[in-house]
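A short write-up of the structure that comes next.
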Number of protein chains: 2
Amino acid sequence: MKESLTIGKLATASHVNVETIRFYERKGILKQPKKVGAFRHYPHHYIARIKFIKRSQELGFTLKEAGELLSLSVKSQSKCGDVLEKTEEKIHEIEKKIKDLKEMKKSLERLANCCEDRSLPLSECPVLECFMVKGKEK
Amino acid sequence: MKESLTIGKLATASHVNVETIRFYERKGILKQPKKVGAFRHYPHHYIARIKFIKRSQELGFTLKEAGELLSLSVKSQSKCGDVLEKTEEKIHEIEKKIKDLKEMKKSLERLANCCEDRSLPLSECPVLECFMVKGKEK
DNA sequence: CTTGACTCCGTACCATGATACGGGGTTTAG
DNA sequence: CTAAACCCCGTATCATGGTACGGAGTCAAG
């Protein structure tokens, strides 16, 4: 039966709840599969799709964005050019997140160092300032 | 009046909604300031605090985590050692996020390259596989 | 053919992070 | 003194991303 998973099997295999799969379908994130009788039957590659969604979410994409990324990979009627554009957009978003996180890390390291130097009560330590140096106006 | 902002002034200055500030106070994320009569009066540095919360959130921390980070900076009764520990924990979390984002970026770049080579319909392109190579079991 | 496991669907509910509303009190400028 | 502008508080509502429930249909083994 490698070509057909019930929703329960799919859920187990991709480590999510059955309800979550139904939820994704209602939201249009996951394409509804063909039904055999009244029951959904999923091709095996849906496991990869769900894992992809979960991975995307872990990396800070919303469910909707995860769906967009997924559909880039899946829509065979789209041209490579279209895909490229959206993909590069996402790459830039990721780069920005990385950059911001690095700044945040630096701020925290400054805080850490600022404490390492002396084992004083924190009141002696200009911490908040330490944090805020790179605070940007938006 | 550099030492006293009403909630409205604070909200304007830190680019959030008045309700958001009240919400943070209800949740214990932001310490309630002294009241002058019935009205909250905030020291000027609350602007920095709120900005800090917002910055943390942008970087993928929950409100609760943002509050924890903030309180690291603010609690003068905590010892540097305690702070150091929590701070380093957060640094590791950030490092992990950066690492994951870099992997995601690589995956997206592989997808992009895979499209760049040929301007074919995507159906010719083994995209989903391209994405999933680093998919990890959890 | 029955029984148990699984599925169907709709609806309700949960947490998080806000945002809005409404009836009242206060404060300040004219 | 009065009216606008602001603040108080509680409560309701919203979006996101699920999770749970319950009554009914279905499928597969014995």
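Residue numbers begin at 1 in each chain, while the letters A, B, ... track the order of the sequences.
Looking at residues two or more places apart in sequence or on another chain, you find a ring-ring contact (aromatic ring centres under 6.0 Å, His included) between A/Y46 and A/Y42.
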For residues 26-34 of chain B, tabulate all N or O donor-acceptor pairs below 3.5 Å that involve a side-chain atom, not counting sequence neighbours.
none

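Applying the salt bridge (Lys or Arg N to Asp or Glu O under 4.0 Å) rule to pairs touching residues 37-48 of chain A yields A/E25-A/R40, sequence neighbours excluded.
Between B/A11 and B/N17, the closest heavy-atom pair is CB-C, 4.0 Å. Contact record, B/I91 with A/E109: CD1-CG, 3.7 Å, taken as the closest heavy-atom pair. Of all heavy-atom pairs between B/A13 and B/I47, the closest is CB-CD1, 3.6 Å. The two residues A/L63 and A/I53 come nearest to each other via the heavy atoms CD1-CG2, 3.8 Å.
Taking every heavy atom of residues 22-35 of chain A and every atom of DNA chain C, pairs under 4.0 Å involve A/R22, A/K35, by number.
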Sort me out a list of protein N/O and nucleotides 1-7 of chain D N/O pairs below 3.5 Å, or just none if empty.
from	atom 1	to	atom 2	distance (Å)
D/dC7	OP1	B/T6	OG1	2.6
D/dC7	OP1	B/G8	N	2.9

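Here the range on DNA chain C touched by chain B, meaning any atom under 4.0 Å from one of its heavy atoms, is C/dG17 to C/dT27.
The side chain of A/T20 contributes an N or O atom lying less than 4.0 Å from OP1 or OP2 of D/dT19.
Between A/E19 and B/N17, the one whose closest nucleotide on DNA chain C sits nearer the 5' end is A/E19.
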